[in-house]
2 protein chains.
Amino acid sequence: MNLLYFSMISGFLALIVVIFLVKGILKKDTGNEKMIEISGYIEEGAMAFLKKEYSYLVVFIIVIALAIIMFLNFKTAVAFVVGALFSIVAGYIGMRIAVKSNVRTTEAAKHGIREALAVAFSGGTVMGLCVVGLGIIGLGFFSIIFDLNAEYITGFGLGASSIALFARVGGGIYTKAADVGADLVGKVEAGIPEDDPRNPAVIADNVGDNVGDVAGMGADLFESYVGSIISAITLGSVLVGEWGINIVIFPLVLSSIGILASLIGIIFVKAYKGDNPQKALNLGSTISGVIVLVVGFIVCNMLMGSYELFLPVIAGLIVGLIIGKVTEYYTSADYKPVKFIANESKTGPATNIIAGLSVGMKSTVIPILLIVIGIIISFFAIGGGSNTSLGLYGIALSAVGMLSTTAITIAVDAYGPISDNAGGIAEMCELDKNIREITDKLDSVGNTTAAIGKGFAIGSAALTALALFASYSQTVNLQTINLLDPLTLVGVLIGGMLPFLFAALTMQSVGKAATEMVEEVRRQFREKEGILKGTEKPDYSKCVEISTHAALKEMILPGILAIAVPLIVGMLLGTEALGGLIGGGVVTGVMLAIMMSNSGGAWDNAKKYIETGINGGKGSVAHKAGVVGDTVGDPFKDTSGPSMNILIKLMTIVSVVFAPVIAKYGGVLIQYLIK
Amino acid sequence: MNLLYFSMISGFLALIVVIFLVKGILKKDTGNEKMIEISGYIEEGAMAFLKKEYSYLVVFIIVIALAIIMFLNFKTAVAFVVGALFSIVAGYIGMRIAVKSNVRTTEAAKHGIREALAVAFSGGTVMGLCVVGLGIIGLGFFSIIFDLNAEYITGFGLGASSIALFARVGGGIYTKAADVGADLVGKVEAGIPEDDPRNPAVIADNVGDNVGDVAGMGADLFESYVGSIISAITLGSVLVGEWGINIVIFPLVLSSIGILASLIGIIFVKAYKGDNPQKALNLGSTISGVIVLVVGFIVCNMLMGSYELFLPVIAGLIVGLIIGKVTEYYTSADYKPVKFIANESKTGPATNIIAGLSVGMKSTVIPILLIVIGIIISFFAIGGGSNTSLGLYGIALSAVGMLSTTAITIAVDAYGPISDNAGGIAEMCELDKNIREITDKLDSVGNTTAAIGKGFAIGSAALTALALFASYSQTVNLQTINLLDPLTLVGVLIGGMLPFLFAALTMQSVGKAATEMVEEVRRQFREKEGILKGTEKPDYSKCVEISTHAALKEMILPGILAIAVPLIVGMLLGTEALGGLIGGGVVTGVMLAIMMSNSGGAWDNAKKYIETGINGGKGSVAHKAGVVGDTVGDPFKDTSGPSMNILIKLMTIVSVVFAPVIAKYGGVLIQYLIK
């Protein structure tokens with residue numbers, strides 16, 4: 001049990017580093033008055049959104065907590081509330097620092113790319129360390145006070161999941177409503193460039209980057225991180241008799257090693273002296289991964305006396321890495337798929353769309369095969385062929401392994417939107433061109449790391465959901481979920497349909513919100529003629545308000561669906577049907593997540609590729625088609641696609657938490673039908 | 001067993017009616033010389049495609065037949081070959097008559113809408129009766145000579161499925177390559193109207209309607225029809241001890257009743273004296289349905305002494321009907337979804353695409369819930385709660401019930417493309433305007449019936465595949481396919497991915513072929529300046545050749561995938577993984593089928609709706625956006641979407657047929673891993 005304290009210490013260590021990082025960032029120069037003003041708007045907008053969002057979430061947390069107390073027990077409810085609060089705190093700190101880092105990155109860029117990278121990366125690191133620090137502290141704490149009883153600890157995961165849902169969906173709608181709205185009127189109708197301060201939606205757009213790509217992504221990975229560890233604890237707890245208590249503690253220890261490894265990786269990034277940000281980030285990630293492999297292996301042998309137990313960890317780490325690389329292949333202009341889309345754009349938007357969709361669909365193949373290989377290795381390498389429980393534990397362990405270096409992964413990922421914002425501020429403040437060039441370089445590296453991060457988030461979500469699925473069956477004591485049972489089939493069909501419904505709802509939400517934004521921007525241009533001339537200031541706050549309002553309103557229905565449908569199916573049709581629902585949901589959810597993210601990313605880069613002069617360059621037929629694809633891709637890659645990750649994890653963890661109730665009272669319709 | 005002869009007789013009766021219908025059609029006037037010439041081109045093109053396709057299929061049939069002989073037995077191989085040949089013959093006759101009916105419909109339109117309807121409907125009826133006639137004769141014959149041994153009879157289903165795959169995929173690629181190619185250059189670039197004889201791709205486009213919508217659709221439903229009956233026979237055969245042999249014969253008897261009911265319905269359509277084709281078709285379909293319900297109920301009681309056994313049949317019929325109506329709701333301009341897309345078109349193609357995709361995704365919800373309700377009723381009403389085998393038989397029976405009136409369903413459906421062709425001929429021969437008006441009216445009714453037919457095809461494919469899935473488990477003697485087993489999960493993931501890959505491949509095929517077509521049409525316009533002036537004849541045959549060649553070349557890879565992947569997974573990972581693969585494939589396949597078909601239909605009608613003057617009418621921003629959506633929707637609704645039906649059925653029946661081999665030798669990789 002001392003090891004639990006060790007893991008908590010690593011969490012506190014991460015938070016201490018956060019304090020130093022924050023102090024360092026705040027010490028940096030914030031530039032001239034204009035920069036302070038503009039970045040002030042962004043910070044204000046971002047914080048306003050978070051505060052509003054939290055006021056909704058508080059209601060939600062109270063309702064669910066009461067439901068848990070009523071139907072389950074008080075301990076789970078406490079863990080739930082703390083899980084939700086920790087996710088909120090991590091998001092709050094991460095975003096608060098992100099919106100302070102952006103302008104400081106712009107200012108640092110005056111001294112060169114290395115200095116700018118240092119600030120932006122520090123900002124991202126804060127988010128990354130908060131996620132893992134709070135995650136492991138919470139898990140360690142509840143493991144100690146609940147004596148490693150997984151039944152209560154899952155509440156922590158449910159809290160994390162719930163917040164992730166709203167953060168991802170709300171944030172995704174926010175960012176794309178602003179982005180699409182700003183582009184449609186600004187770039188297309190008024191003909192002003194991106195990030196032009198005359199565009200009333202420009203601040204909302206920049207706020208959106210933080211809300212969606214920093215806070216949303218952080219909450220997503222917080223959920224995966226916590227969920228994978230919880231599933232490993234749950235699945236490990238049946239093996240305690242055979243293996244000793246260490247099998248339950250090992251996942252936590254492994255995660256602690258991951259935190260320390262990430263910290264070392266982060267030091268390497270910050271100590272990097274060259275001019276190539278991509279190299280610096282790769283170096284840090286690689287070092288972290290290698291440390292986890294080496295130290296993890298040694299500790300695994302010491303703790304468990306078995307090197308086989310470490311094979312799933314290796315599999316998880318490698319599969320996560322390759323999925324990221326595959327994502328890059330499908331979404332980077334350096335490779336065939338994006339070039340194919342750019343070529344198909346020559347015959348107009350229709351062929352561009354068909355090409356983008358088919359690229360996204362095709363891009364599901366390799367990640368799925370990788371996940372499949374990961375599952376097989378994790379299950380069988382550890383001896384699942386003769387001991388199923390052990391094999392399932394292996395799958396959970398591979399998820400934990402994949403996510404062990406989450407801290408640096410988030411740092412690398414969140415540095416992107418900070419650089420993006422920094423560029424926006426440079427543009428809006430009309431700073432020197434070479435500053436924009438530096439931020440553009442950082443931003444373009446950020447696009448690659450974001451693509452890799454997205455693939456990683458999907459892969460980890462899939463593995464986490466599958467591991468939680470196994471936990472579910474253990475909690476309701478199901479030995480089999482029989483696909484031949486029509487109720488399971490029914491569950492699979494309903495579960496398979498949910499991600500489609502979810503994608504439809506979130507896409508329509510973006511559409512509706514963007515239309516509102518378009519109308520507001522048009523109105524401002526119409527009523528205040530000075531805006532476009534640059535003599536009058538646009539009303540930024542109105543656009544921020546629209547995005548905020550739309551995001552919060554539109555996140556409710558999908559949110560309720562994700563939580564209510566599993567419970568309804570479980571209560572009406574029983575535990576096997578609910579198991580089927582999870583299975584079906586995970587399958588189509590993962591497919592849509594990969595397809596939508598990659599289609600979106602590929603469209604985006606195809607447009608950018610055409611803008612470099614390919615197939616006629618800017619203004620050509622191909623370019624116009626590319627813009628259409630990019631616009632369709634926006635909600636694909638930043639709203640609906642990433643929401644799938646949360647949907648599948650949330651559906652699963654809701655089922656795990658409420659499993660005891662469903663096992664006891666579920667299946668009322670079926671009992672009636674059988675009579 | 002005498003009842004088997006009765007069912008065969010109903011099949012022969014259907015074929016006899018075909019002979020009379022054909023004679024009647026051929027006696028009709030073919031119009032003036034120009035009409036004969038133009039329709040001659042279409043007929044020539046269609047027959048050329050079929051012949052080329054068959055030359056490929058012969059090779060395929062021989063290879064598979066040899067494989068069956070080698071790994072299974074001779075009897076299954078015979079049934080396979082006959083199943084394939086019967087599907088080919090049904091397609092051949094149906095299409096041959098369809099391309100003879102089109103010009104005669106045009107000519108008949110000179111005498112009024114009633115006369116035109118009579119000819120077009122007769123043409124469609126030939127296809128419908130050939131499908132059910134040959135289907136039931138084949139099944140009856142093999143049931144008799146193989147003594148109702150399902151193991152061999154499934155070969156007949158595999159034959160039907162294989163041909164369906166190539167007919168649907170090949171036909172789908174053919175028709176959309178021609179359509180998209182003709183539109184992109186003709187309508188968009190050269191500004192000539194649809195069906196203009198100056199467009200070199202116009203004949204290929206008209207041929208495509210027959211190849212895709214008549215032959216492809218016929219083969220699809222032939223497969224469902226045969227497959228559902230086979231699954232009922234397979235699942236019934238384990239109940240013989242309890243219920244007597246009639247439980248195996250009942251599905252065939254029910255189908256015979258359906259044929260007779262369809263014949264009566266067809267008589268009502270032909271005897272209809274009013275001017276509203278929609279009413280005539282509805283009348284016929286309703287009468288057929290009611291007859292099946294009444295007579296079927298009586299026969300069920302007589303034969304089985306149980307009215308519960310009839311409940312699944314009722315459920316199947318009603319679910320099929322409602323799914324059709326729901327499809328109409330999502331794809332007709334009379335309702336909200338299409339209007340929503342038309343409105344979103346005002347802000348350009350991107351919002352049109354997002355709206356169309358979200359409508360398609362949302363449209364999965366109700367059909368899935370209907371299928372789910374159908375499954376629950378069919379399973380539990382019949383007593384599946386206490387007797388699983390009986391419940392599974394109920395699911396198969398509901399598929400048989402849904403498909404019992406296939407004859408008139410196909411007739412109503414195939415009349416559409418014939419009318420469409422008739423309109424095209426009227427246009428190309430520059431006939432009187434009121435003739436085109438009549439064919440347009442028939443065509444527009446045809447669009448509705450086609451939408452309903454598509455929904456029906458998907459619903460029946462889903463139920464058939466699920467029933468076959470149950471047969472599979474019985475054949476390999478699996479009591480459970482455990483979703484908690486990682487191998488099953490692996491199968492589910494791979495199966496779930498296949499439809500995405502399949503959709504990507506077929507969409508890319510259409511894109512490639514359409515690009516070739518565009519280049520050819522452009523070339524002809526460039527090299528022969530007289531074409532656009534109307535002084536020179538375009539080279540139709542070159543375009544026909546391109547479509548033919550592309551369709552055949554591009555159908556090979558998806559075809560092989562659909563057959564090979566299940567076998568590979570079964571051999572490597574064993575029967576449970578293969579079961580998972582089927583389950584996963586059915587789920588995502590059904591979702592994509594519904595989504596793609598409905599998105600495509602909705603885009604099509606949104607464009608037409610805008611063309612009536614809404615949101616600016618022709619030439620407006622909204623209209624241009626509508627055209628983009630329509631073009632994206634073309635491969636959605638006519639190639640990739642319908643291909644899903646076949647994919648899921650084929651994967652399943654391949655597994656059923658090769659189940660004995662897989663049960664014996666499968667799972668080699670896993671055996672190795674466990675060691």
Side-chain angles (χ1 to χ4, degrees), chain A residues 184 344 347-351 353-355 357-358 361-362 364-365 368 371-372 375-376 379-380 384-386 391-392 395 466 470 473 478 480-484 486 488-490 492-494 496-497 500-501 503-504 507-508 511 515 518 579-580 583-584 587-588 591 595 628 631-632 635 673-674, chain B residues 184 344 347-351 353-355 357-358 361-362 364-365 368 371-372 375-376 379-380 384-386 391-392 395 466 470 473 478 480-484 486 488-490 492-494 496-497 500-501 503-504 507-508 511 515 518 579-580 583-584 587-588 591 595 628 631-632 635 673-674:
Chain A
L184 278 182
E344 289 289 305
T347 33
T351 37
I353 297 293
I354 294 177
L357 289 172
S358 65
M361 287 177 162
K362 238 186 188 170
T364 59
V365 176
I368 289 297
I371 292 173
V372 159
I375 292 175
I376 293 181
F379 186 84
F380 285 102
S386 48
L392 294 176
I395 294 176
L466 291 176
S473 65
L478 273 176
T480 58
I481 295 177
N482 187 2
L483 251 186
L484 293 169
T488 310
L489 266 182
V490 160
V492 170
L493 284 168
I494 296 176
M497 171 264 282
F500 280 85
L501 175 58
M507 271 164 61
Q508 286 188 355
T515 307
V518 165
V587 174
T588 60
M591 300 297 159
M595 177 206 149
V628 171
T631 314
V632 173
L673 284 175
I674 291 175
Chain B
L184 279 183
E344 290 288 308
T347 31
T351 38
I353 296 293
I354 293 177
L357 288 172
S358 66
M361 286 179 164
K362 236 185 188 171
T364 58
V365 177
I368 289 297
I371 292 173
V372 159
I375 291 175
I376 291 180
F379 185 85
F380 286 103
S386 48
L392 294 176
I395 293 175
L466 290 176
S473 65
L478 273 177
T480 57
I481 295 178
N482 187 4
L483 252 185
L484 294 171
T488 311
L489 266 182
V490 160
V492 170
L493 284 168
I494 295 175
M497 170 265 280
F500 280 85
L501 175 58
M507 272 164 62
Q508 287 189 355
T515 307
V518 165
V587 174
T588 60
M591 300 298 158
M595 176 206 149
V628 171
T631 312
V632 174
L673 284 175
I674 291 175

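Numbered from 1 within each chain, the chains take letters A, B, ... in sequence-line order.
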Applying a strict 4.5 Å limit to non-hydrogen atoms, the region of B:Ser386 in contact with chain A is neither
Do you know which of B:Thr364, B:Val365, B:Leu357 has the most heavy-atom pairs with chain A at a distance under 4.5 angstrom? B:Val365
Residue among A:Ile494, A:Thr488, A:Val372 with most heavy-atom pairs under 4.5 Å to chain B: A:Val372
Quick one: closest heavy-atom pair of B:Met591 and A:Met497, and the distance? CE-N, 3.4 Å
List the steps and the verdict of side chain to side chain contact (heavy atoms under 4.5 Å, CB included) for A:Leu501 and B:Met361. CA-CA 6 Å; A:Leu501 175 58; B:Met361 286 179 164; over 6 Å; no
Of the non-hydrogen atoms in B:Pro635 and A:Ile354, which two are nearest, and what is the gap between them? CG-CD1, 3.7 Å
Top contributor to chain B contacts, counting heavy-atom pairs under 4.5 Å, from A:Thr588, A:Thr515, A:Val490: A:Val490
I'd like to check the side-chain hydrogen bond (donor to acceptor under 3.5 Å, both in side chains) partners of B:Thr631; sequence neighbours left out, ordered by chain and number. none
Shortest non-hydrogen contact from B:Ile395 to A:Pro486? CD1-CB, 4.3 Å
Using modelled atom types only, decide if a donor and an acceptor are shared between the side chain of A:Asn482 and the backbone of B:Asn482 within a distance under 3.5 Å. no
If you count heavy-atom pairs under 4.5 Å with chain B, which of A:Ser473, A:Gly511, A:Gly580 comes out on top? A:Ser473
Checking B:Ile375 against chain A: side chain, backbone, both or neither under 4.5 Å from a heavy atom? side chain
Return the CE to OG1 distance between A:Met507 and B:Thr351, rounded to the nearest 0.5 Å. 11.5 Å
List in chain and number order the residues that pass side-chain contact (heavy atoms from CB on, under 4.5 Å) with B:Leu489, two or more places apart in sequence or in another chain; answer none if no residue qualifies. A:Leu466, A:Phe469, B:Leu483
Begin with the C-alpha distance, continue with both residues' side-chain angles, and end with the deciding distance and a verdict on side chain to side chain contact (heavy atoms under 4.5 Å, CB included) for B:Val628 and A:Val628. CA-CA 10 Å; B:Val628 171; A:Val628 171; 5.5 Å; no
I need the minimum non-hydrogen distance between B:Ala504 and A:Ser358, along with the two atoms involved. CB-O, 3.4 Å
Less than 4.5 Å to any heavy atom of chain A: does that hold for the side chain of B:Leu484, its backbone, both, or neither? both
